[in-house]
Amino acid sequence: EVQLVESGGGLVQTGGSLRLSCAASGFTPDDPDDYSIGWFRQVPGKEREQVACISSSDEITFYADSVKDRFTISSDNTKYTVYLQMNGLKPEDTAVYYCAADGSKWSCPNILEWDYWGQGAQVTVSS
């Protein structure tokens, strides 16, 4: 069974930083060099937004325009663990952040329906 466990969410003031972690256990892509792990976020009443993603061997990385130059995604390929360093946080970054994994490196950032999802981590940025 694949489990994606997010950690690192919380409450921070505008301009602050948080680091999200996602550990994917039981994730065994058919090709260990062909997968993507990424972060999405959702605010109640709004569509889910892809924030950032990274493919196997860091071959592909993607950032939404709204987070470029503020967020950094990185990975530990040996453990299927991904991090999202969020700096310069703004109130509009407030959302539930979901980690997702998919068995294709081309999923980043071309599709939104990934194979596996975590439970989500709340990030709240106060003004």
Side-chain angles (χ1 to χ4, degrees):
E1 180 186 5
V2 177
Q3 285 190 321
L4 304 181
V5 179
E6 301 103 337
S7 61
L11 173 65
V12 65
Q13 291 185 332
T14 297
S17 299
L18 285 173
R19 187 191 194 212
L20 299 179
S21 299
C22 172
S25 62
F27 180 55
T28 54
D30 293 339
D31 181 345
D33 292 323
D34 188 8
Y35 67 88
S36 299
I37 300 180
W39 291 94
F40 295 73
R41 67 187 181 186
Q42 190 164 24
V43 176
K46 293 189 176 181
E47 291 189 357
R48 186 173 58 204
E49 175 189 14
Q50 188 171 77
V51 176
C53 58
I54 191 165
S55 68
S56 43
S57 302
D58 301 349
E59 183 176 342
I60 301 169
T61 56
F62 164 83
Y63 296 95
D65 288 342
S66 57
V67 306
K68 277 180 182 175
D69 301 324
R70 298 189 297 123
F71 291 11
T72 303
I73 190 168
S74 60
S75 67
D76 180 341
N77 290 313
T78 62
K79 299 180 181 178
Y80 298 120
T81 298
V82 169
Y83 308 95
L84 186 68
Q85 179 66 43
M86 304 184 293
N87 298 328
L89 282 162
K90 306 174 181 179
E92 51 264 43
D93 294 318
T94 296
V96 177
Y97 283 70
Y98 296 92
C99 176
D102 196 84
S104 170
K105 61 184 177 183
W106 304 114
S107 298
C108 172
N110 299 304
I111 66 172
L112 298 179
E113 298 301 326
W114 289 30
D115 291 336
Y116 306 104
W117 294 84
Q119 293 300 307
Q122 177 69 48
V123 171
T124 303
V125 184
S126 63
S127 57

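In the model, Ser66 has a side-chain atom that pairs as donor or acceptor with a side-chain atom of Glu49 under 3.5 Å.
Side-chain contact check for Ile37 versus Cys99: some heavy-atom pair is nearer than 4.5 Å. In this structure the side chain of Leu20 reaches within 4.5 angstrom of the side chain of Met86, judged on heavy atoms. Under the 4.5 Å side-chain criterion, counting only non-hydrogen atoms from C-beta, Trp39 is in contact with Val82. Using a 4.5 Å heavy-atom cutoff, the side chains of Cys53 and Pro109 are in contact. Within the 4.5 Å cutoff, the side chain of Phe40 has heavy atoms near those of the Leu112 side chain. Annotation: side chain of Val43 is not in contact with side chain of Thr94 (no heavy-atom distance under 4.5 Å). Side-chain contact between Arg41 and Val123 is absent, with no heavy-atom pair separated by less than 4.5 Å. Residues Tyr83 and Thr72 have side chains not in contact (no heavy-atom distance under 4.5 Å, counting atoms from C-beta outward).
Using a distance-only test at 3.5 Å, with no hydrogens or angles considered, a donor-acceptor pair links the side chain of Tyr63 to the main chain of Ile73.
Considering all non-hydrogen atoms of both residues, Ser56 and Pro32 come closest at CB-O, 4.2 Å. Nearest heavy atom pair, residue Ala52 against residue Leu84, reads CB-CD1, 4.1 Å.
Taking Ser57 as the reference, Asp33 meet the side-chain contact (heavy atoms from CB on, under 4.5 Å) condition, with sequence neighbours excluded. Residues forming a side chain to side chain donor-acceptor pair (under 3.5 Å) with Thr61 (at least two apart in sequence, or on another chain): none. Remark: Ala23 pairs with Thr81 by the side-chain contact (heavy atoms from CB on, under 4.5 Å) rule, at least two apart or across chains. Residues satisfying the side-chain contact (heavy atoms from CB on, under 4.5 Å) criterion with Val12, sequence neighbours excluded, are Leu18, Leu89, Val125.
Dense packing is recorded around CD of Glu92, with more than 12 heavy atoms of other residues, nucleotides or ligands lying under 6.0 Å away.
Linking Ile, Leu, Val, Met, Phe, Trp and Tyr whenever their side-chain heavy atoms come within less than 4.5 Å leaves Trp114 and Leu4 in two separate clusters. Tyr98 is connected to Ile111 through a chain of hydrophobic side-chain contacts under 4.5 Å among Ile, Leu, Val, Met, Phe, Trp and Tyr, so both are in one cluster. Residue Ile54 is grouped with residue Val67 when hydrophobic side chains (ILVMFWY) are merged at heavy-atom distances under 4.5 angstrom, including chains of intermediate members. Residues Val2 and Trp117 do not share a hydrophobic cluster, clusters being chains of Ile/Leu/Val/Met/Phe/Trp/Tyr side chains in contact below 4.5 Å. The same ILVMFWY cluster, assembled from side-chain heavy atoms under 4.5 Å apart, contains both Tyr116 and Tyr35.
For Asp31 and Lys105, the salt-bridge test fails: no basic side-chain N is under 4.0 Å from an acidic carboxylate O.
Listed by first and then second residue, the side-chain hydrogen bond (donor to acceptor under 3.5 Å, both in side chains) pairs involving residues 9-25 are Ser17-Asn87 (not counting sequence neighbours).
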> What's the verdict on salt bridge (Lys or Arg N to Asp or Glu O under 4.0 Å) for Lys90 and Asp93, showing C-alpha distance, side-chain angles and the deciding distance?
Replying inline: CA-CA 5 Å; Lys90 306 174 181 179; Asp93 294 318; over 6 Å; no
> Can you check salt bridge (Lys or Arg N to Asp or Glu O under 4.0 Å) on Arg48 and Glu113, steps first, answer last?
Replying inline: CA-CA 10 Å; Arg48 186 173 58 204; Glu113 298 301 326; 3.2 Å; yes
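Apart from Phe62 itself, the hydrophobic cluster it occupies contains nothing, where clustering links Ile, Leu, Val, Met, Phe, Trp and Tyr at side-chain heavy-atom distances under 4.5 Å.
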